[in-house]
Amino acid sequence: QKEVEQNSGPLSVPEGAIASLNCTYSDRGSQSFFWYRQYSGKSPELIMSIYSNGDKEDGRFTAQLNKASQYVSLLIRDSQPSDSATYLCAVNTPLVFGKGTRLSVIA
Amino acid sequence: DTAVSQTPKYLVTQMGNDKSIKCEQNLGHDTMYWYKQDSKKFLKIMFSYNNKELIINETVPNRFSPKSPDKAHLNLHINSLELGDSAVYFCASTPGLAGGPQFFGPGTRLTVL
């Protein structure tokens with residue numbers, strides 16, 4: 001059974017701080033990794049994808065992948081109240097989702 | 001607008017009824033999915049179709065039957081609805097066969113009374 005584990009939170013950070021979200025996965029053969037953001041009552045929205053070891057940056061978001069440790073993380077710099085949502089880690093194939101980490105950014 | 005769309009957005013029905021949810025994508029993607037998100041917000045894959053062919057069929061009661069008339073449409077029919085079927089059902093699509101990012105529809109909130 002392929003599993004993706006995330007801390008459910010809530011993770012509370014002050015506005016302007018760095019939020020760090022973590023995810024581990026069980027299938028060592030996984031090749032594709034994604035972070036989705038889901039606001040309450042809305043559908044998951046893709047914010048980052050990463051396929052190789054290392055860091056990938058996009059604006060205030062940085063995804064980090066370490067396949068040896070089976071670990072993927074998402075850093076959100078300069079966190080804003082609008083970043084408050086549930087962040088879902090997903091690993092292929094087919095996509096297996098973690099249960100999500102609820103992030104709360106306090107103004 | 002290019003998107004994944006679903007109808008209806010809300011569905012309230014009695015136990016034992018049969019209902020359908022429709023999904024359409026105009027992104028030109030080859031693969032479509034149905035997911036169920038339960039009250040604890042856990043998102044779990046149910047089915048996947050690639051070019052009208054069923055490629056993923058997770059452990060789902062056979063009261064659930066997907067149908068894909070063409071690669072842009074994927075419908076979900078549910079027979080004999082039960083209380084435990086209450087959830088949000090998301091349709092998603094991805095280019096290619098699998099392994100790529102998925103794009104989700106707005107969801108259908110099903111409530112079984």
Side-chain angles (χ1 to χ4, degrees), chain A residues 1-11 21 23 25-52 56 58 61 63 65 67 72 74 84-104, chain B residues 1-7 9-10 21 23 25 27 29-50 53-60 66 74 87-111:
Chain A
Q1 182 79 4
K2 297 174 184 175
E3 294 183 347
V4 177
E5 300 284 344
Q6 294 181 255
N7 188 325
S8 62
L11 172 66
L21 304 160
C23 172
Y25 59 95
S26 63
D27 182 8
R28 188 169 283 279
S30 297
Q31 297 293 320
S32 304
F33 307 86
F34 307 95
W35 283 98
Y36 287 81
R37 177 177 62 200
Q38 187 174 25
Y39 291 113
S40 181
K42 301 294 186 183
S43 58
E45 172 194 9
L46 179 70
I47 53 172
M48 289 289 285
S49 57
I50 187 165
Y51 303 96
S52 54
K56 179 181 178 183
D58 184 0
F61 299 99
L65 175 61
K67 289 186 179 179
V72 58
L74 179 71
S84 298
T86 296
Y87 289 80
L88 302 168
C89 173
V91 177
N92 84 303
T93 304
L95 273 193
V96 178
F97 282 82
K99 294 186 178 182
T101 298
R102 193 154 51 93
L103 173 67
S104 179
Chain B
D1 284 16
T2 54
V4 181
S5 59
Q6 293 179 230
T7 55
K9 190 170 174 63
Y10 299 97
I21 306 171
C23 178
Q25 57 93 5
L27 298 165
H29 290 169
D30 292 324
T31 306
M32 296 182 72
Y33 304 82
W34 279 113
Y35 285 88
K36 179 181 180 180
Q37 190 169 47
D38 59 24
S39 58
K40 294 183 179 178
K41 307 301 181 187
F42 186 41
L43 194 63
K44 189 169 181 191
I45 191 168
M46 301 173 69
F47 302 104
S48 177
Y49 271 76
N50 175 260
E53 183 179 340
L54 180 66
I55 57 170
I56 294 171
N57 186 356
E58 292 293 311
T59 306
V60 174
L74 179 60
V88 181
Y89 292 84
F90 287 104
C91 177
S93 71
T94 191
L97 180 60
Q102 295 182 14
F103 299 88
F104 284 79
T108 296
R109 181 173 294 278
L110 171 64
T111 303

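Letters A, B, ... mirror the listed sequences (proteins, then strands); counts begin at 1.
When each of B:Gly107, B:Ser48, B:Pro101 is checked for heavy-atom pairs under 4.5 Å with chain A, B:Pro101 comes out on top. Options B:Gln37, B:Lys41, B:Arg109 differ in how many heavy-atom pairs under 4.5 Å they form with chain A, and the most are formed by B:Gln37.
Proximity to chain A involves both the backbone and the side chain of B:Leu43, based on heavy atoms less than 4.5 angstrom apart. If you measure heavy-atom distances from B:Pro106 to chain A, the contacts under 4.5 Å come from the backbone alone. Neither the backbone nor the side chain of A:Glu45 comes within less than 4.5 Å of any heavy atom in chain B. Contact of A:Phe97 with chain B is made through backbone and side chain together, with heavy-atom distances under 4.5 Å. Only the side chain of B:Phe90 comes within contact range of chain A, with at least one heavy atom under 4.5 Å from a heavy atom of that chain.
Enclosure of atom CZ in A:Arg102 is not indicated, since only 12 or fewer non-hydrogen atoms of other residues, nucleotides or ligands lie within 6.0 angstrom. Residue A:Lys99 qualifies as open at atom NZ: its count of foreign heavy atoms under 6.0 Å is 12 or below.
With hydrogens and angles disregarded, a donor-acceptor distance shorter than 3.5 Å links the side chain of A:Ser43 to the backbone of B:Gly105.
Residue A:Tyr36 comes nearest to B:Phe104 through the heavy atom pair CE2-CE1, 3.7 Å, listed as atom of the first residue, atom of the second, then distance.
For the atom pair CG of A:Leu95 and OH of B:Tyr33, the computed distance is 6.5 Å after rounding to the nearest 0.5 Å.
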